[in-house]
Amino acid sequence: MAARLPLAACIVAFHLCLLLLPSSSLRRLSEAETAEVRHGVGIRPAYHFLPAKNWQNDPNGPMYHNGVYHLFYQYNPLGATWGSGNLSWGHSVSRDLVNWAALDIALDPTAPFDHNGCWSGSTTILPGGMPALMYTGRIDNAKVQVQNVAFPRNPADPLLRDWVKPAYNPVISLPADVPGEYFRDPTTAWVGRDSMWRMAIAAKVGGPNGIASTLIYRSKDFRHWKRNDLPLYTSRAASMVECPDLFPVAEPGTEEGRLGYASGTASGAMRHVLKLSVTNMTQDYYAIGRYDDVADTFVPEVDGERSVEDCRTWRRFDYGHVYASKSFFDTRKNRRVLWAWASESDSQYDDLARGWSGVQIVPRKVWLDGDGKQLRQWPIEEIETLRRKRVAALQEAHVNAGGVNEISGAGAQTDVDAIFEIPSLEEAETFEPNWLLDPQKLCEEKGACVPGGVGPFGLLVMASGDLREHTAVFFRVFRHNRKYKVLMCTDLTRSTGRDKVYKAPYGGFVDIDIEQHQRSISLRTLIDHSVVESFGGGGRTCITARVYPVHAENNNSHVFLFNNGTGIVKVSRLEAWTLATAAVNVVHGG
Ligand code: DQQ
């Protein structure tokens with residue numbers, strides 16, 4: 001028998017009207033209210049990684065070493081703006097990837113080979129267990145980029161607090177055919193069958209209008225490096241791609257399917273993932289493909305509307321607001337773990353007022369889906385240690401057409417895990433093929449307040465009690481060539497009453513056959529004040545958004561289920577927990 005949701009049927013009609021209000025009807029804020037939000041009251045994440053203050057961007061060199069997780073990150077110790085010439089490697093350590101202690105800066109721009117900034121890079125554990133940081137240094141006023149190495153001063157220090165840059169740096173100088181500012185972001189290195197080290201580096205090859213390339217360098221001794229004639233991959237359609245990441249994944253259906261592998265692991269049962277961060281779009285794209293470990297080339301195996309040549313048509317780790325992702329192989333749990341930067345999406349003025357800017361996503365386990373075409377991602381299980389009060393445990397509930405039901409007790413620090421079942425797909429709207437090209441635009445045209453056939457249904461999070469402010473995370477199902485197409489959106493149109501904040505919706509399709517999945521689809525959303533991270537269809541499509549609701553300053557956020565389609569949506573299972581605040585780089589005494 002269908003159970004009733006805990007409360008709120010009575011608010012349905014009233015709130016749906018509000019849902020349909022144009023966003024311009026949001027109340028204008030007083031100066032004082034705006035200032036509160038600008039100073040970060042109610043906005044600062046409680047369990048996402050960020051330094052105590054100042055600017056951070058890309059995750060750098062994550063690793064698990066001698067029982068300790070390390071995260072380095074692009075950090076400006078002098079303020080809450082990027083400050084390219086000041087960029088340093090911030091350094092924190094953790095036992096569980098959830099609680100972090102801040103250490104001194106690992107690399108700062110003080111050497112002749114990096115005095116305009118220590119930019120992004122990776123860690124490699126050398127034989128014998130010695131970790132090496134490989135990073136990009138900017139060396140002169142022309143901001144020429146070179147690659148440098150650094151080692152721990154005392155490898156026996158479990159926290160690896162002190163890093164030394166050998167005087168023989170740079171280990172790789174700028175190649176003659178690459179403009180000075182386009183040579184950066186070395187990957188973790190791996191050893192090939194010829195016992196030589198390899199690593200990939202991003203470069204624009206052939207002058208200012210050159211080709212976005214991912215170069216491979218080889219070395220016998222980790223000090224002298226020589227470039228391969230052939231790049232790993234060139235992306236002819238993009239002008240520069242940065243932060244490359246190449247890692248193996250096991251073929252689906254093998255026993256190892258969900259395990260991760262160290263860089264360089266290659267066997268018949270392996271495919272590889274190449275991820276590239278496309279500079280001018282600030283979006284990360286990945287392809288599954290074949291890495292030839294003799295020629296060191298990567299050939300994407302693309303399907304349908306995707307192109308081998310144009311990495312901007314590949315799938316994305318996240319269809320929201322993340323960039324410069326980097327994965328590492330976690331030997332503690334034999335899994336591949338992904339980090340990525342989610343920048344602020346209000347103004348630089350706001351960053352300065354708050355004194356901090358930029359967060360990292362909750363680390364995600366990554367593996368190849370059973371269909372062999374896409375990756376799946378899921379928050380690392382350790383995040384569940386923050387679960388405190390279970391505020392909902394529903395089975396066989398439902399949300400009526402036009403319904404809005406509160407998940408009582410859920411708020412600004414909540415983990416919601418739900419499975420929605422659609423009793424009938426009869427009402428699904430017809431899909432127009434040109435929508436395929438731009439799911440984000442489709443989410444814009446068909447936002448949460450545009451009624452549909454099957455959907456929009458999902459969650460309203462970081463919502464004020466009166467629903468004037470809310471962020472909608474939802475699905476909409478379309479009929480397409482006798483099959484169904486599932487769209488996932490995070491609609492920020494009504495996320496805040498503030499102006500000059502990014503409010504366009506994000507969107508991606510969820511590549512599942514919903515009929516084969518008993519007309520069901522899952523949604524997990526991690527809510528953390530200004531961060532809303534959602535995993536649709538078991539982590540096949542992920543969307544991270546940054547939101548700045550004004551009501552959050554009163555610690556008074558709500559979570560609702562909603563359904564703005566014409567038929568009932570069943571909630572076959574839903575659990576929600578409040579999440580505790582993690583100890584993330586806490587500064588004692590203030
Ligand atoms: N950020 C770093 C670069 C990298 C870019 C500089 C990507 O090394 O290419 O902060 O966000």
Legend entry - Glu344 side chain to Tyr548 side chain, donor-acceptor N/O pair below 3.5 angstrom: yes
Legend entry - Residues forming a side-chain hydrogen bond (donor to acceptor under 3.5 Å, both in side chains) with His48, sequence neighbours excluded: Asp528, Glu533
Legend entry - Listed partners of Thr313 passing side chain to side chain contact (heavy atoms under 4.5 Å, CB included), at least two apart: Arg306, Ser307, Asp310
Legend entry - Val144 backbone acceptor or donor facing Asp140 side chain under 3.5 Å: yes
Inset, instruction - Could you verify whether a donor N or O on one side chain and an acceptor N or O on the other, from Asp346 and Tyr502, lie under 3.5 Å apart? - result: no
Inset, instruction - State, without any angle test, whether Ser122 and Lys326 hold a side-chain donor-acceptor pair at a distance under 3.5 Å. - result: yes
Inset, instruction - Using atom types as modelled and distance alone, determine if a side-chain donor or acceptor of Ser530 lies under 3.5 Å from a backbone N or O of Arg546. - result: no
Inset, instruction - Kindly say whether Leu50 contributes a backbone atom to a donor-acceptor pair with the side chain of Gln360 at under 3.5 angstrom? - result: no
Legend entry - Lys333 and Glu381 ion-paired at < 4.0 Å: yes
Inset, instruction - Tell me whether the guanidinium CZ or amine NZ of Arg336 lies under 6.0 angstrom from the six-membered ring centre of Trp367 and within 45° of its axis. - result: no
Inset, instruction - Identify whether NZ of Lys or CZ of Arg in Arg290 sits under 6.0 Å from the centre of the six-membered ring of Phe298 and within 45° of that ring's axis. - result: no
Inset, instruction - Please determine if Arg335 and Glu382 form a salt bridge, counting it only when a charged side-chain N lies under 4.0 Å from a carboxylate O. - result: yes
Legend entry - Exam field: side chain Arg95 to backbone Gly67, donor-acceptor pair closer than 3.5 Å: yes
Legend entry - Short N-O contact, Asp303 and Arg315, less than 4.0 angstrom: yes
Legend entry - Residues Arg193 and Asp293 bridged, charged N to O under 4.0 Å: yes
Inset, instruction - Please work out which of the three classes, parallel, tilted or perpendicular, describes the rings of Phe317 and Phe247, given edges at 30° and 60°. - result: parallel
Inset, instruction - Verify the ring-centre separation between Phe328 and Tyr64: is it less than 6.0 angstrom? - result: no
